Amino acid sequence: MSAHDFQHYLSEFLARFLPGEVGAARNTIMSYRDTFTLLLRYCKAHEDITPEHMRCELLTKELVERFLASTETERGCGPATRNQRLAAIRSFCRYLQARDIERIGQYQRVLSIPKKKTSTTPPHHVSVDEIRLILAQPDASRPTGRRDLALLALMYDSGARVQEIADLTLGDFRADPPATVKLTGKGNKVRIVPLMSPTAALVQRYAEGAGLTGAASRSRPLFPNRAGNKMTRTGIAYILDKHVATARKSDPAMLTETISPHALRHSKAMHLLQAGVNLVYIRDILGHADLKTTEIYARIDGEMKRQALQSAFTNLTPPDAMPLWHQDKDMLTWLTNLGH
DNA sequence: CTGTTGAGTTGGGTCTTGGT
DNA sequence: ACCAAGACCCAACTCAACAG
């Protein structure tokens, strides 16, 4: 059983264990699958191990380290990706530990590989004026224009994730006051988000024009593609891109950076915050489980305040206010006084 | 017992290929 | 022109563990 133990365990792990016992999301399994695809490809190219000849015995700390290094040096990936690959391998090794007892020490050593620190950049967002400019682009005299306008307005207004918008059916949209949309996020968690009445009217007008009315349509996708199916996130990104491009053409000073569907969500969060909306409400609208996630926006806003202060700052301390250590003082005193 | 972090999971971004 | 699918990269998010 050692000849194909790796193949056996890996397929059990991906096809039985993760979906069945763990109940892992499809995204997770696909993401882990990608990691092992790349690992096996690396082994073939650099370690002289074909996928058929891979064995558990060969899955050593050193091999994994070389693989991780190659993702950075050869593939040009950043630390976040390296960590993600490592996390997938770790998950597999924890699985193996309980089943392949003989090599428990070998797996322990793989698990000892540390992850790298990653730097966090604040979420990218755009101004209200820029949002307005984007929403001015779709040609409302055409059906696709009305769809695009309703789609973009709804996405911004609700602050939804792109997949949540793609998954919407007509039944999730409620036009009569108070207008709402029912968004289904992670783990089938549902939240109801109120809509501004102009947005609701926009969506309503679009839906009527598209023949999306009546009880029979309730389960039909609110934003179908040409084939009448749910649009994918690629499709939605395409639509956003298109209108951002024309908006940029009309006013090159605006929208200088690329803007993704998620940036719309970030922007909504920032605009709510800047309007003085309580973080707890913002969390409910965005559908965060943890208020800490929402607080990221508060911190960006704090950063903006800091920059405002910085620009008006007059330096009152002499340039060498933080002295270097010289031989006349003892090191501990110097350390203690540093920064005071 | 509660606020904070770290580790792990999960969705989104981007690019390419390709079909209508 | 419109948009899907898939591969790969990365960031967003969750939640258990742990410090306070």
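Only heavy atoms go into these numbers, but all of them, side chains included; no hydrogens, no water, no symmetry mates. The chains referred to below are lettered A, B, ... by the order of the sequence lines, with proteins before strands, and numbering in each begins at 1. Quick caveat: nothing in here was measured; it's all calculated off a predicted structure.
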Asker: Counting only side-chain nitrogens and oxygens, does R233(A) get under 4.0 Å of the OP1 or OP2 atom of dT14(B)?
Answerer: no

Asker: With heavy atoms under 4.0 Å as the rule, sort R82(A) into base, sugar-phosphate or nothing.
Answerer: nothing

Asker: Whole angstrom is fine here: how far is it from NZ in K292(A) over to C1' in dT5(B)?
Answerer: 7 Å

Asker: Are Y9(A) and F92(A) an aromatic pair, judged by ring center distance below 6.0 Å?
Answerer: no

Asker: Please determine whether any donor N or O and acceptor N or O are separated by less than 3.5 Å between the side chain of R226(A) and the base of dC2(C).
Answerer: yes

Asker: Check if the side chain of R161(A) and the base of dG12(B) share a donor-acceptor pair of N or O atoms closer than 3.5 Å.
Answerer: no

Asker: Could you tell me whether L38(A) contacts a base, only the sugar-phosphate backbone, or nothing, with contacts defined as non-hydrogen atoms closer than 4.0 Å?
Answerer: sugar-phosphate

Asker: Would you please confirm or rule out a distance under 4.0 Å between OP1 or OP2 of dA12(C) and any side-chain N or O of H266(A)?
Answerer: yes

Asker: Would you mind reading off the distance between F92(A) atom CZ and dA7(B) atom C1', rounded to a whole angstrom?
Answerer: 20 Å

Asker: Taking any heavy-atom pair under 4.0 Å as a contact, classify T232(A): base, sugar-phosphate, or nothing.
Answerer: sugar-phosphate

Asker: Indicate yes or no: does D148(A) engage R142(A) in a salt bridge with an N to O separation below 4.0 Å.
Answerer: no

Asker: So, are R174(A) and D176(A) salt-bridged, with charged N and O less than 4.0 Å apart?
Answerer: yes

Asker: Under 4.0 Å from OP1 or OP2 of dC3(C): is there any side-chain N or O of Y238(A) that close?
Answerer: no

Asker: Hey, does R147(A) reach any base, or is it just sugar-phosphate, or nothing, if we go heavy atoms under 4.0 Å?
Answerer: sugar-phosphate

Asker: Please check the phosphate of dG8(B) (OP1 and OP2 only) for any side-chain N or O of R94(A) closer than 4.0 Å.
Answerer: yes

Asker: So what does R75(A) touch, heavy atoms closer than 4.0 Å: a base, only the sugar-phosphate, or nothing?
Answerer: sugar-phosphate

Asker: Starting the side chain at C-beta, find the nucleotide from dC9(C), dC3(C), dC2(C) nearest to K242(A).
Answerer: dC2(C)

Asker: Determine whether R82(A) and C77(A) make a side-chain contact, defined as any pair of heavy atoms from C-beta on separated by less than 4.5 Å.
Answerer: no

Asker: Would E164(A) and R161(A) pass as an ion pair if we require N to O under 4.0 Å?
Answerer: yes

Asker: Across the strands shown, which category fits S260(A) at heavy-atom distances under 4.0 angstrom: base, sugar-phosphate, nothing?
Answerer: sugar-phosphate

Asker: Taking only N and O in the side chain of R33(A), is any of them less than 4.0 Å away from OP1 or OP2 of dG6(C)?
Answerer: no

